[in-house]
2 protein chains.
Amino acid sequence: MTFTLDDLAGSGPLPEQDARTRVLETAYRLFYRHGLRATGIDRIIAESGVAKMSFYRHFPSKQALIDAYFDLRHARWMAWLEGRLGGSSSPRDGLAALPDALDDWFRSPGFRGCAFINGHAEAGSDAPAMTVTHKRALAARIEQQCEDAGLACPGDVAADLLLAIEGAIVRAQMDGADAARGPLHRLFARTLSDAGGERA
Amino acid sequence: MTFTLDDLAGSGPLPEQDARTRVLETAYRLFYRHGLRATGIDRIIAESGVAKMSFYRHFPSKQALIDAYFDLRHARWMAWLEGRLGGSSSPRDGLAALPDALDDWFRSPGFRGCAFINGHAEAGSDAPAMTVTHKRALAARIEQQCEDAGLACPGDVAADLLLAIEGAIVRAQMDGADAARGPLHRLFARTLSDAGGERA
DNA sequence: ATGTTGACAGACAGACCTGTCTTGTTCAAG
DNA sequence: CTTGAACAAGACAGGTCTGTCTGTCAACAT
């Protein structure tokens, strides 16, 4: 099962899906677009065409829905990353392809940064653990890719690439995809070059 | 006039200050710590020891207070940066000193990321223009420093450094200062090395 | 036929939020 | 002394938010 950029944006639920799926897909779209606090339960219920009691049958509280939202977002984002990392012929090419993959994401309609960064920024220390868990899973995945590529110091290289990725997401969110594209490509090229691969 | 990390954290108002200052300093501390939406007017009024009408005399709405908060934050943060950039003997050393300066900030008590990134993440397209203006001012200031240092392609170098700074802020906010320190120093060293300076 | 289950619709309570208004106090300038 | 500005304390209105509750209906199994 693969996921596309459309899945990351959230296209909204189809009427024939069951109530729980409709609620979760609506929350997925609204939480990402407008934020957690700015999205009320009433709006999610109205836009998903569900009764309030049906909502509370599937999700005991708004916090439970937020947790489910982050779980779903994490699964789809990691699956999208996996498709982009694995689409190249070698592990190192998979890493080198990341800046273009991210650039596609930054330019996709409805892009509004990283859901986990935004959620953490909004909720602070009260943020669900998944906001941090997601980033650690991403770090682990990139480090694995660096090991597979046979790079020197895969832990350091992965940390450098992750920091560049986070910076690019924030720059693209606040100042547009063009503000992130050049720097992200250059930082990736320098880091991979230092780690033993040839320069792009 | 210089500003320290304590000013960035916000120590809270002193009773002998006038009402407007007390409100603004309280908002400065609460908005940064808990976020914009999570901080209600009533709490700001209670903690600043001010009457509600006194608040609305100085700030016609909560949005006006938020704008004033971002203005103050911008002024203090840029003044803090100026002190750190100018503390070195040469423009290039000022740039090279930035990772340590940021590391100090990341480890200061109450650090919770960049107020402008957090505000933009929370409010989205409705965010005050200052959230973006601040980042562009920062980019311009770094580019100026790169020019003063006589680096090649100062625009590109500044964009690379800014992306690394944003990434470091997010990494430190979500996973602690240690997660940002190594990568930030390495990305700075590589970028400055490529731009013509000698490697640290 | 009858009971069960899931869902839709909407009223309701209690809390919170922003913003307005009233009342009384302090203090300084005229 | 009087007047007016700034301020403190708090009631109030109108809205929104989460979460609970009551009814009604359709599908379906026994």
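Each chain gets a letter, A, B and so on, in the order its sequence line appears, and its residues count up from 1.
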Output the single nucleotide from D:dG19, D:dC7, C:dT18 whose closest atom is nearest the side chain of B:Lys62. C:dT18

Rounding to an integer number of Å, can you tell me how far B:Met53 CE sits from D:dA9 C1'? 13 Å

Tell me whether the OP1 or OP2 atom of C:dT18 has a side-chain N or O from B:Arg37 closer than 4.0 Å. no

Using atom CD1 of B:Ile44 as one end and atom C1' of C:dG19 as the other, report the distance to the nearest whole Å. 14 Å

Among D:dG19, C:dG10, D:dC7, the nucleotide that comes nearest once only the side chain of A:Ser61 is considered: D:dG19

Atom pair distance, as rounded to whole Å: CD1 in B:Ile45 and P in D:dG10: 13 Å

Is the NZ or CZ atom of A:Arg76 both under 6.0 Å from the centre of the six-membered ring of A:Tyr28 and within 45° of that ring's axis? yes

Candidates C:dA7, C:dT22, D:dT18 - which lies nearest the side chain of A:Ser54: C:dA7

Whole-Å distance, A:Tyr56 OH to D:dT18 P, equals 7 Å

With no hydrogens and no angle check, do the side chains of B:Asn118 and A:His120 hold a donor and an acceptor under 3.5 Å apart? no

Spell out, as yes or no, whether a donor-acceptor pair under 3.5 Å connects the side chain of A:Glu143 to the backbone of A:Pro154. no

Between A:Ala38 and A:Pro60, the residue closer to the 5' end of DNA chain D by nearest nucleotide is A:Ala38

What is the distance, rounded to the nearest whole Å, between atom CG of B:Asp42 and atom P of C:dG19? 11 Å

Please verify the inter-ring angle class for A:Phe106 with A:Phe111; under 30° counts as parallel, over 60° as perpendicular, anything in between as tilted. tilted

Are any side-chain N or O atoms of A:Arg171 and backbone N or O atoms of B:Glu166, one a donor and one an acceptor, separated by less than 3.5 Å? no

Could you check which of D:dA8, C:dA9, C:dT18 has an atom nearest any side-chain atom of B:Ala51? D:dA8

Ignoring backbone atoms, test whether B:Arg43 places a side-chain nitrogen or oxygen under 4.0 Å from the OP1 or OP2 oxygen of C:dT18. no

From CD1 of A:Ile41 over to P of D:dC17, roughly how many Å is that when rounded to an integer? 10 Å

Whether the side chain of B:Lys52 and the base of C:dG19 hold a donor-acceptor pair under 3.5 Å is what I'd like checked. yes

Between CZ of A:Phe55 and P of D:dC17 the distance, given in whole Å, is 13 Å

Looking at A:His58, does any N or O in its side chain come under 4.0 Å of the phosphate oxygens OP1/OP2 on C:dA7? yes

If you compare every side-chain N and O of A:Arg57 against the phosphate oxygens of C:dA7 (OP1, OP2), does one of them come in below 4.0 Å? yes

Atom CD of A:Gln63 to atom C1' of D:dG19: distance rounded to whole Å? 15 Å

